[in-house]
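Report on one structure; see the data block that follows.
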Amino acid sequence: MRRMHGIRNIVILTGAGISAESGLCTFRADDGLWEDHRVEDVASPAGFRRDPGLVQRFYDERRKNIMAAEPNAAHLALAKLDEAWDGELLIVTQNIDDLNERAGAKRVLHMHGEGLSAWCLACGARHPWTGTLLDGPPCPVCGEVALRPDIVWFGEMPYEMDRIFNAITRADLFVSIGTSGAVYPAAGFVQQAKSARARTLELNLERSQGSAWFDETRLGPASELVPEWVEEMLR
Ligand SMILES: [Zn+2]
């Protein structure tokens, strides 16, 4: 993809690979574990009903790790692109950390929720949250003790799918960064982008199950590939 001119609207999908270099681990599909927990125990509505304390403790820990992590060169490069790009741009992240935002990006959509947000099951309000949920703090709006992590669990619908699909439909370029492409609905984005005649580029550590769908795949760490690609776009 040497010639990038003619591109105005960009959709970027990011996954675990971009935040792994900041020291954040996420669910690994190959063994079904997330920080040594079975994913169905800590990332499903049934797991939460069965053992809410385990789940709250798990996300309390994730919240601490997110706050201790720092954006890396890939997050900083995407923020630079977001700042400079005149056309439409949307960073759709599967990650629950706020490293894109802390790097300075504004056009970010968290399709799987946010680690630093709490969601009240009594009134539906969402609140920025940096403390613990384990000790049952009341909802700042309704006062009920009904806060859960604002995370999309397995079996739940990812957030803002309409907005994502609309952006992909208008995209001239779809870029996937650090994600295996194996989990739907994100895995379907590249196929949708191709049917909308967007160019498609994959930046990943290794070839993914979705690689065959992309016009071009570049292999390497996100902290190297993403700044290089952003420089090309802004040249
Ligand atoms: Zn509430």
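For His37 and Phe58, the gap between ring centers is short of 6.0 Å.
Of the N and O atoms on the side chains of Glu202 and Ser176, not one donor lies less than 3.5 Å from an acceptor on the other residue. Counting only N and O atoms by type, the side chains of Gln94 and Thr179 include a donor and acceptor under 3.5 Å apart.
Scanning all heavy atoms of the two residues, the minimum distance from Gly136 to Val145 falls at O-CG1, 3.5 Å. Annotation for Cys123 and Cys139: closest pair SG-SG, 3.8 Å, computed over non-hydrogen atoms. Closest approach of Val55 and Asp41 over heavy atoms only: CG2-O, 3.4 Å.
Under the 4.5 Å side-chain heavy-atom criterion for Ile, Leu, Val, Met, Phe, Trp and Tyr, Ile18 and Trp229 are members of the same hydrophobic cluster. Both Val42 and Ile66 are part of a single hydrophobic cluster, where members link through side-chain heavy atoms under 4.5 Å apart. Phe48 and Ile96 fall within a single hydrophobic cluster, where Ile, Leu, Val, Met, Phe, Trp and Tyr side chains are chained together by heavy-atom contacts under 4.5 Å. When hydrophobic clusters are built by joining Ile, Leu, Val, Met, Phe, Trp and Tyr residues whose side-chain heavy atoms come closer than 4.5 Å, directly or via intermediates, Leu13 is not grouped with Ile91.
You'll find the side chain of Leu81 reaches within 4.5 Å of the side chain of Leu234, heavy atoms only. Considering only heavy atoms from C-beta on, Ile164 comes within 4.5 Å of Met111 through its side chain. Side-chain contact between Leu78 and Thr14 is present, with at least one heavy-atom pair separated by less than 4.5 Å. Residues Arg199 and Asp172 fail the side-chain proximity criterion, which asks for heavy atoms closer than 4.5 Å. Residues Ile177 and Ile12 meet the side-chain proximity criterion, which asks for heavy atoms closer than 4.5 Å. The closest side-chain heavy-atom distance from Leu219 to Leu205 is not below 4.5 Å. By the 4.5 Å heavy-atom criterion applied to side chains, Ser22 and Pro71 are not counted as neighbours. Side-chain contact between Leu89 and Asn9: absent, with no pair of heavy atoms (C-beta onward) separated by less than 4.5 Å.
In this structure, Lys194 places its NZ atom where more than 12 heavy-atom neighbours from other residues, nucleotides or ligands lie under 6.0 Å away. Counted within 6.0 Å of CD on Glu156, heavy atoms from surrounding residues, nucleotides or ligands total more than 12; the atom is thus considered enclosed.
Applying the salt bridge (charged side-chain N to carboxylate O under 4.0 Å, His left out) test to residues at least two apart or on different chains, the pairs with a partner in residues 119-129 are Arg126-Asp150. Among residue pairs with one or both ends in residues 186-226, those qualifying as ring-ring contact (aromatic ring centres under 6.0 Å, His included) are Phe165-Phe189; sequence neighbours excluded. Residue pairs satisfying the salt bridge (charged side-chain N to carboxylate O under 4.0 Å, His left out) criterion with at least one member in residues 106-122, sequence neighbours excluded, are listed as follows: Asp82-Arg107. For residues 85-97, the pairs satisfying salt bridge (charged side-chain N to carboxylate O under 4.0 Å, His left out) are Glu88-Arg170, with sequence neighbours left out.
Side-chain contacts under 4.5 Å among hydrophobic residues (ILVMFWY), followed directly or transitively, place Leu133 together with Trp129, Leu147.
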Discussion item. Is there a salt bridge (charged side-chain N to carboxylate O under 4.0 Å, His left out) between Glu231 and Lys80? Walk through the geometry before answering.
Written reply: CA-CA 10 Å; Glu231 286 309 310; Lys80 182 178 170 188; 2.7 Å; yes
Item to complete: For salt bridge (charged side-chain N to carboxylate O under 4.0 Å, His left out), just list the numbers for Glu61 and Lys64, CA-CA rounded to whole Å, side-chain angles, deciding distance to a tenth of an Å, and then say yes or no.
Response: CA-CA 5 Å; Glu61 195 64 29; Lys64 274 196 282 184; 3.6 Å; yes
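Among Leu134, Thr132, Asp135, the single residue meeting the side-chain contact (heavy atoms from CB on, under 4.5 Å) criterion with Gln56 is Leu134.
Between Glu216 and Arg218, at least one side-chain N (NZ, or NE/NH1/NH2) sits under 4.0 Å from a carboxylate O, which counts as a salt bridge. Using a 4.0 Å cut-off between charged nitrogen and carboxylate oxygen, Asp60 and Arg57 do not count as a salt-bridge pair.
For Phe174, there are no ring-ring contact (aromatic ring centres under 6.0 Å, His included) partners, not counting sequence neighbours.
Because its NZ or CZ atom is not both nearer than 6.0 Å to the ring centre of Trp85 and within 45° of the ring axis, Arg8 does not count as a cation-pi partner of that residue.
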